[in-house]
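What follows is a short report on a single structure.
What's counted below: heavy atoms across the whole structure, side chains too, no hydrogens, waters or symmetry copies. Small disclaimer: the values here were computed from a predicted structure and weren't measured.
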Amino acid sequence: MTEESFTSKNFIEEIIDEHNRTGRFGGKVKTRFPPEPNGYLHIGHCKALVIDFGIAEKYGGTTNLRYDDTNPVKEDTEYVDAIKEDIHWLGFDYANELYASDYFEALYEMAVKLIKKGKAYVDELTAEEMREYRGTLTEGGKNSPWRERSIEENLELFERMRRGEFADGTKTLRAKIDMASPNINMRDPVMYRVMHATHHRTGDKWCIYPMYDFAHGQSDSIEGITHSMCSLEYENHRPLYDWFLDELEIFHPQQIEFSRLNMTHTVMSKRKLRLLVEQGYVDSWIDPRMPTLAAMRRAGYPPKAIRAFIEAVGVAKNESFVDVELLEHFVRDQLNQTAPRRMAILRPIKLVIDNYPADQTEEFWVSDFPQNPECTTGRMVPFSRELYIEQDDFMENPVPKYFRLSPEREVRLMNAYFVTAVSMDKDAEGKILAVHCTYDPDTRGGNAADGRKVKGTIHWVSAPHAINAEVHLYDYLFKDEHPEDLPEGELFTDHVNKNSLEVLVGCKLEPALAEAKPGQPWQFVRNGYFNADSFNSKPGELVFIRTLSLVDSWAKQQAQK
RNA sequence: AGGGGCAUGGUGCAACGGCAGCACAGCGGACUUUGAAUCCGUUGAUCCUGGUUCGAAUCCAAGUGCCCCUGCCA
C-alpha cells in the first residue's frame, strides 16, 4: 500500500495539478512564506508554514522566506530573529532569506512605469478626504481632483516625494483604476505613502514606502514565485494583485487563499497577543500560555507534534475553529514516545514506613520506558524509610472506587514494595502531617511472592534523597472556548483566566532529575509531561513547566459528580 | 444594501453523479507496576425548498445562515 493512494488532495494541490496539466508554470512550483516582522509567529502561522513549505516540497520546488517589511514604524529586527528561529525549530529550510525591502528600488521603478503608462498619479487628498472620496460599500466613490495631472507632473512629483520634499501624509501615489468599482480595493488604491521613518534594514534611505498591495505581488513576481498562498481576507485583493502584474507586464504568479487556523481557548491576532503582553496578562510573547511557537517551544511542545497537528487539520476554505484538544492529542502522542519516565511529587506528604530499618537505603533500577519491554535505558532510584507521596494519593475516608492509599488498604509503591497504611500524624486542626504504613519485604520490585494483587499503584520519592524544585502549572488563558465571542461592550481581556498559572514550590523530585536540561521532555509519572524552564532555571534551582497533564479519566469522572 | 467567499456528525477534514468515510472528542468494555498508553466495540452529519437524473453531499434554480471588504496596516 502506498501512502499516496489513500491521501486525498487538498484544493490547492488540485489547482496546481491543473496548472501542471495546462503547463501554466512549466511544471514548476515555487512558494514563499511572507511574515511581517512585527510580532512572534503563532500556531496559526504554522499552518501557512506547512502549506507554503509542504506544497513546494511535494512538487519538488523551493520556498523563500520573505519578510514583508514595508511599514517601518511597526517592524523590528527582534522579530526578524525570532521568526527565523521558529522556522528552523519546526524543521523548515528556506531557499533564500529575502526582504520586501530588498525590492524598494525595483518597486520604485515599477511605480514610475505605471505613471508613464498613465496608470498612476500623485494625489494630495488628506487621509480624511480620501476616505470621503472613496465612497461606501454600496455607493461608488468619486475621482480625486488630482487624478488627471499630466504624466510629466506626476513623474516630477513622485520623484520629489522620494527626495523628501513633502511632509508625511501630504501626498500619496495612487493607482488609477476605477473609483466606481464594487471592490473597494480597486478604487484607486494607494501605492506609496510618505513616511519619514527609519527602516530596520534600509535605515533612512527612503521616506516613501510601498503599500502591501503594491509590494507583495511584484515581490512574488521578482522571485519567480508560482503559487502565492495567503489567507481568506486577501481574496478581495486578488483583483488588485492581478491588476498590478498585468499592467506591469511581468511574470504573473497565482494567488490562492485558504482559511486561517483558529483555535479554541485562545486568541490568534497579533494585535490581541501584543495587548496581552503589554498589559501584563502574560509575562511575554514566550509565556507558555501564549499560542506563539516560541512559547510552545519553551513549554516543551515537540515540533513534530505541531506539524502533525497542522497536517491533521487540513486545508480548506471553510472558516474553522479547531479544538485545542486536537493539538494536545498530538503533543501527548509524541511525548508519550519520547519522554523518559521519572517520579516527582508535586504536592508532597510524608509517608513513613514504620517497619523499614531507619538506617537502610536501597536502590531500584527503573526503566525509562517501563511500558516498552525492549527499553534498556534507565536509572537507579533510591528508596528509604521516609518517602514523599502525593497528597491526592492518600484519603483518610476514601470515596467509592478510590483505590489509592487509605487506612488499612494495601497499594504498590511503584517499582518498590507493597505498603499498607496504618496511622496518621495530625496537627491540632486535624490536618494530616504524615502517613504511617508498613511494608511487605516479600514484594520487592513491586510483585508479591504469593501472587496477591493490589488495585492501586502510586509513585513516590525518597525523602532524604529528593531534590527540590519549583513547578509551574499552566491552564488555558481563556476558559471560554471562543474568547472573541463577546457580549456587547466587553473586552476579551476581561475574560482572561486569572488562575491560569499555579506556582508550586517545594516539589520533591527523584535525584536523576537534577541533570534535566531545558528542552528535554520528561514524563513525571501519573502527573504529566514536564520540561525544565529555559528562562527561570538556574543550576541547582530547577524550575519545571508542565507541558501538558496526562489524560486523567479519574479526575474527569470525579468532576462529573 | 454593493462586492467577494463559505455551508457534511460536537470539532476539523474526505467522498469530484454510484454503499457518506477518516481523525479528535464522546460513550461502553478488555488489559494494566502510570486511573496514562495500548486493544476491542460504539453513538452521531450532507443548511432549506424545488428541479434534472435509474441514481444527487456532488449538477441546476430560488432561498437561509455565517465570514471578509469603506487603513496613507499587513
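Separation of the A:Tyr241 and A:Tyr234 ring centroids does not fall under the 6.0 Å cut-off. Close placement of the A:Phe104 and A:His199 rings is indicated, their centers lying within 6.0 Å of each other. Between A:Phe524 and A:Phe544, the ring centre distance stays below 6.0 Å. Checked against the 6.0 Å centroid criterion, the rings of A:Phe244 and A:Phe214 qualify as a close aromatic pair.
With distances taken from any side-chain atom of A:Thr70 to the nucleotides B:rG5, B:rU34, B:rA74, the minimum falls on B:rA74. If you check B:rG4, B:rG35, B:rA74 against the side chain of A:Met211, the one that comes closest is B:rA74. Relative to the side chain of A:Asn318, the nucleotides B:rC13, B:rC69, B:rU34 differ in distance, and B:rC13 lies closest. Listed nucleotides B:rU70, B:rC72, B:rC16 differ in distance to A:Glu14; the shortest reach to its side chain belongs to B:rC16.
Separating the C1' atom of B:rA74 from that of B:rC59 is a span of 39 Å, rounded to the nearest Å. Taking atom P on both nucleotides, B:rU64 is separated from B:rG29 by 48 Å, rounded to a whole Å. B:rA14 and B:rA57 have their C1' atoms separated by 12 Å, given to the nearest Å. On the C1' atoms, B:rG17 is 47 Å away from B:rA36, given to the nearest whole Å. For the C1' atoms, the distance from B:rU53 to B:rC40 is 43 Å, rounded to whole Å. Comparing the C1' positions of B:rG3 and B:rA56 gives a spacing of 31 Å, expressed to the nearest Å. Annotation: B:rU58 and B:rC48 have their P atoms spaced 10 Å apart (nearest Å). B:rG21 and B:rG41 have their P atoms separated by 16 Å, given to the nearest Å.
Here A:His216 lies out of heavy-atom contact (under 4.0 Å) with every strand. Counting any heavy atom pair closer than 4.0 Å across all strands shown, A:Asn236 reaches a base atom. Residue-level contact check: A:Gln560 touches the backbone only, with heavy atoms under 4.0 Å from sugar-phosphate atoms and none from bases. Backbone-only engagement by A:Phe321 is indicated by non-hydrogen atom pairs under 4.0 Å involving sugar-phosphate atoms exclusively. Residue-level contact check: A:Tyr417 touches neither bases nor backbone, having no heavy atom under 4.0 Å from any strand. Here A:Val454 lies out of heavy-atom contact (under 4.0 Å) with every strand. Base contact: A:Arg404 has a heavy atom under 4.0 Å from a base atom. Residue A:Glu139 is classed as having no contact, given no heavy-atom separation below 4.0 Å to the nucleic acid. When heavy atoms are screened at a 4.0 angstrom cut-off, A:Gln523 is found touching base atoms of the nucleic acid. Among the heavy atoms of the strands lying under 4.0 Å from A:Arg134 are primed sugar atoms or P, OP1, OP2 only; no base atom is included. Among the atoms of the strands shown, base atoms are found under 4.0 Å from some heavy atom of A:Phe403. Residue contacts for A:Lys401: at a heavy-atom cut-off of 4.0 Å it reaches a base atom on one of the strands shown. Across all strands shown, A:Leu137 has heavy atoms under 4.0 Å from base atoms, whether or not it also approaches the sugar-phosphate. Within the nucleic acid shown, A:Thr264 has no heavy atom closer than 4.0 Å to any nucleic acid atom.
Of the residues in residues 37-47 of chain A, none has a non-hydrogen atom less than 4.0 angstrom from any atom of RNA chain B.
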Show the atom names and distances, to 0.1 Å, of all donor-acceptor pairs under 3.5 Å that link a side chain in residues 548-560 of chain A to residues at least two apart or in another chain.
| unit_1 | atom_1 | unit_2 | atom_2 | d |
| --- | --- | --- | --- | --- |
| A:Asp552 | OD1 | A:Trp554 | N | 3.2 |
| A:Asp552 | OD1 | A:Ala555 | N | 3.0 |

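Look at A:Asp168 and A:Arg193 and you find no salt bridge, because none of the NZ, NE, NH1 or NH2 atoms lies under 4.0 Å from a carboxylate O.
Annotation: side chain of A:Asp242 is not in contact with side chain of A:Leu240 (no heavy-atom distance under 4.5 Å).
Counting to the nearest Å, the P atom of B:rA74 and the NE2 atom of A:His199 are 10 Å from each other.
A cation-pi arrangement is present between A:Lys272 and A:Phe492, with the terminal nitrogen or guanidinium carbon under 6.0 Å from the aromatic centre and inside a 45° cone about the axis. A cation-pi arrangement is found for A:Arg162 relative to A:Tyr108, the charged atom lying closer than 6.0 Å to the ring centre and inside a 45° cone about the ring normal. Judged by the 6.0 Å distance and 45° axis criteria, A:Arg412 is not positioned over the aromatic ring of A:Phe418.
Contact annotation: A:Arg193 side-chain N/O to B:rC73 OP1/OP2 distance is under 4.0 Å. Note on A:Arg238: every side-chain N or O is 4.0 Å or more away from OP1 and OP2 of B:rG4. Side-chain N/O atoms of A:Ser8 include none lying less than 4.0 angstrom from OP1 or OP2 on B:rC13. An OP1 or OP2 oxygen of B:rG26 is reached within less than 4.0 angstrom by a side-chain nitrogen or oxygen of A:Lys556. In this structure, A:Arg131 reaches the B:rG71 phosphate: one of its side-chain N or O atoms is under 4.0 Å from OP1 or OP2.
Between A:Asp68 and A:Asn183, the residue whose closest nucleotide on RNA chain B is further toward the 5' end is A:Asn183. Take the nearest nucleotide of RNA chain B for A:Pro34 and for A:Lys317: the residue whose nucleotide is more 5' is A:Lys317.
In this structure, the aromatic ring of A:Trp554 is positioned over the six-membered ring of the base of B:rG35, centres within 5.5 Å and planes within 30°.
What you find for A:Arg546 and A:Asn527 is that their closest heavy atoms are CD-O, 4.3 Å.
Residue A:Arg444 qualifies as enclosed at atom CZ: its count of foreign heavy atoms under 6.0 Å is above 12.
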Pairs counted only when both distances fall under 3.5 Å, Watson-Crick or G-U: show me the 5' to 3' dot-bracket for RNA chain B, [ ] for pseudoknotted crossings and | for other-strand partners.
.((((((..((((....[..)))).(((((.......)))))....(.(((..]....))).))))))).....
